[in-house]
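First up is the structure itself, then whatever we jot down about it.
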Amino acid sequence: MFLRRFPTVISPAKRAFSSKVSDEIDLRILNQEMQSIFGAEPPATMDYPELNSSIGSLEFTKPESSRQYEQPPKVVTEDISKLTHVGVSGEAQMVDVSSKDNTKRTALACCKVILGKRVFDLVLANQMGKGDVLGVAKIAGINGAKQTSSLIPLCHNIALTHVRVDLRLNPEDFSVDIEGEASCTGKTGVEMEAMTAVSVAGLTVYDMCKAASKDISITDVRLERKTGGKSGYWSRGE
């Protein structure tokens, strides 16, 4: 008789995961079965407190495959919002300068075009096939400064009050030294206009001389000085 009822005795372990009402009914049936077998009610410890406590302490962890789709921490969004050219969702944007004051702003930039001795001598003698290298490059640099907002996507369209581009032949390293200056009275600086001016002038020198040599390099495009705006005066090396 004990063997016939044994499966019924151990079955409550499987029922431990059912609802509370079902557990109470199963425990009464179990008590009756145990009493009919052993002649007495089972002890109070048969309420399986260890099993219940272990079930309550179970923790379920998300699989790795689902963790990778969780939202990034909020601090990432806050850091992105501090970038002036980046929107809150990470997209590029043009900076709103409407709240800034109008101030006199200037910027000075320079670059170098290394020609090599043979090309340098041709430019010096004005014997290049395309004509006056320095004169054409000067006009190109001025036009480049005026077209900066069309070339650089997030630059503002500035009403320039002055643009200067100077080119000087340097016999020490057979190069052309280019200097460009831009000025305006407005809400944002003209650094990009000055650097665009010298860059376009340098590219024009290359275009005017490329038939004589492909081994020409444009180097050291950089801002040398700026004035105006919230940051005020800045000069390289100071």
Side-chain angles (χ1 to χ4, degrees), residues 85 92 94-95 103-238:
H85 282 65
M94 194 175 193
V95 177
T103 62
K104 177 65 181 297
R105 300 169 184 266
T106 64
L108 179 70
C110 67
C111 79
K112 180 185 288 289
V113 183
I114 300 175
L115 301 174
K117 187 178 186 312
R118 186 172 70 86
V119 177
F120 180 87
D121 292 340
L122 291 172
V123 174
L124 180 63
N126 196 16
Q127 294 181 353
M128 293 301 301
K130 287 188 175 183
D132 182 9
V133 174
L134 303 185
V136 174
K138 179 184 182 73
I139 300 301
I142 295 173
N143 284 336
K146 295 190 293 183
Q147 297 298 320
T148 299
S149 61
S150 298
L151 299 171
I152 311 299
L154 300 182
C155 278
H156 294 81
N157 189 0
I158 297 175
L160 294 171
T161 57
H162 175 67
V163 178
R164 173 181 63 84
V165 178
D166 292 329
L167 297 92
R168 182 178 63 88
L169 290 171
N170 187 347
E172 294 181 0
D173 56 2
F174 307 112
S175 68
V176 180
D177 292 332
I178 306 176
E179 185 177 84
E181 184 178 27
S183 303
C184 81
T185 299
K187 298 177 180 293
T188 187
V190 288
E191 294 93 329
M192 294 307 302
E193 283 71 16
M195 287 194 288
T196 300
V198 298
S199 298
V200 173
L203 289 170
T204 302
V205 170
Y206 186 97
D207 179 65
M208 298 287 287
C209 301
K210 65 184 180 183
S213 174
K214 300 297 189 294
D215 191 26
I216 300 173
S217 60
I218 303 171
T219 66
D220 300 328
V221 178
R222 62 189 185 185
L223 179 69
E224 291 292 342
R225 184 176 68 246
K226 59 85 61 179
T227 64
K230 184 178 180 180
S231 60
Y233 176 84
W234 178 89
S235 179
R236 184 174 297 276
E238 293 187 8

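The basis for the numbers below is simple: all heavy atoms, side chains too, and nothing from hydrogens, waters or symmetry mates. Source: prediction; values computed, not measured.
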Chi angles and distances behind the salt bridge (charged side-chain N to carboxylate O under 4.0 Å, His left out) call for Arg105, Glu191: CA-CA 9 Å; Arg105 300 169 184 266; Glu191 294 93 329; over 6 Å; no
Before accepting this row, confirm whether a basic side-chain N of the pair [X]/[Y] lies closer than 4.0 Å to the acidic partner's carboxylate O.
| X | Y | result |
| --- | --- | --- |
| Glu224 | Arg222 | yes |
| Arg164 | Asp166 | yes |
| Lys146 | Glu193 | no |

Smallest separation among heavy atoms of [X] and [Y], with atom names:
| X | Y | value |
| --- | --- | --- |
| Val198 | Gly180 | CG1-N, 3.2 Å |
| Thr196 | Gly144 | CG2-O, 3.4 Å |
| Ser175 | Lys112 | OG-NZ, 3.3 Å |
| Val165 | Ala197 | CG2-CB, 4.0 Å |
| Ala182 | Ala194 | CB-N, 4.1 Å |
| Val221 | Ser199 | CG1-OG, 3.5 Å |

Could you measure the distance from the [atom1] atom of [X] to the [atom2] atom of [Y]? Nearest 0.5 Å is fine.
| X | Y | atom1 | atom2 | answer |
| --- | --- | --- | --- | --- |
| Asp220 | Cys110 | CG | SG | 7.0 Å |
| Tyr206 | Ile218 | OH | CD1 | 8.0 Å |
| Met128 | Leu134 | CE | CG | 11.0 Å |
| Ile216 | Leu203 | CD1 | CG | 11.5 Å |
| Ile152 | Ser150 | CD1 | OG | 10.0 Å |

Distance-only, no hydrogens or angles: does the [X] side chain make a donor-acceptor pair with backbone N or O of [Y] under 3.5 Å?
| X | Y | value |
| --- | --- | --- |
| Lys226 | Gly228 | yes |
| Lys130 | Asp207 | yes |
| Thr148 | Ala145 | yes |

Thr106/Ser183 under side chain to side chain donor-acceptor pair (under 3.5 Å): CA gap, chis, key distance, verdict: CA-CA 4 Å; Thr106 64; Ser183 303; 5.4 Å; no
Candidate list Asp121, Asn170, Val205, test side chain to side chain contact (heavy atoms under 4.5 Å, CB included), partner Leu115, passing option: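 Looking at Asp121, Asn170, Val205, the match for Leu115 under the side chain to side chain contact (heavy atoms under 4.5 Å, CB included) is Val205.
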Candidate list Thr204, Val133, Val176, test side chain to side chain contact (heavy atoms under 4.5 Å, CB included), partner Cys209, passing option: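 Going through the options one by one, the only one that passes is Val133.
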Results of side chain to side chain contact (heavy atoms under 4.5 Å, CB included) for Arg225 - residues two or more places apart only: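 Checked Arg225 against side chain to side chain contact (heavy atoms under 4.5 Å, CB included); matches are Leu108, Glu181, Tyr233, Ser235.
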Set of residues satisfying side chain to side chain contact (heavy atoms under 4.5 Å, CB included) with respect to Met195, sequence neighbours excluded: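 If we apply the side chain to side chain contact (heavy atoms under 4.5 Å, CB included) test to Met195, skipping adjacent residues, the hits are Ala109, Met192, Leu223.
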Lys230, NZ atom: more than 12 neighbouring heavy atoms under 6.0 Å: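 No.
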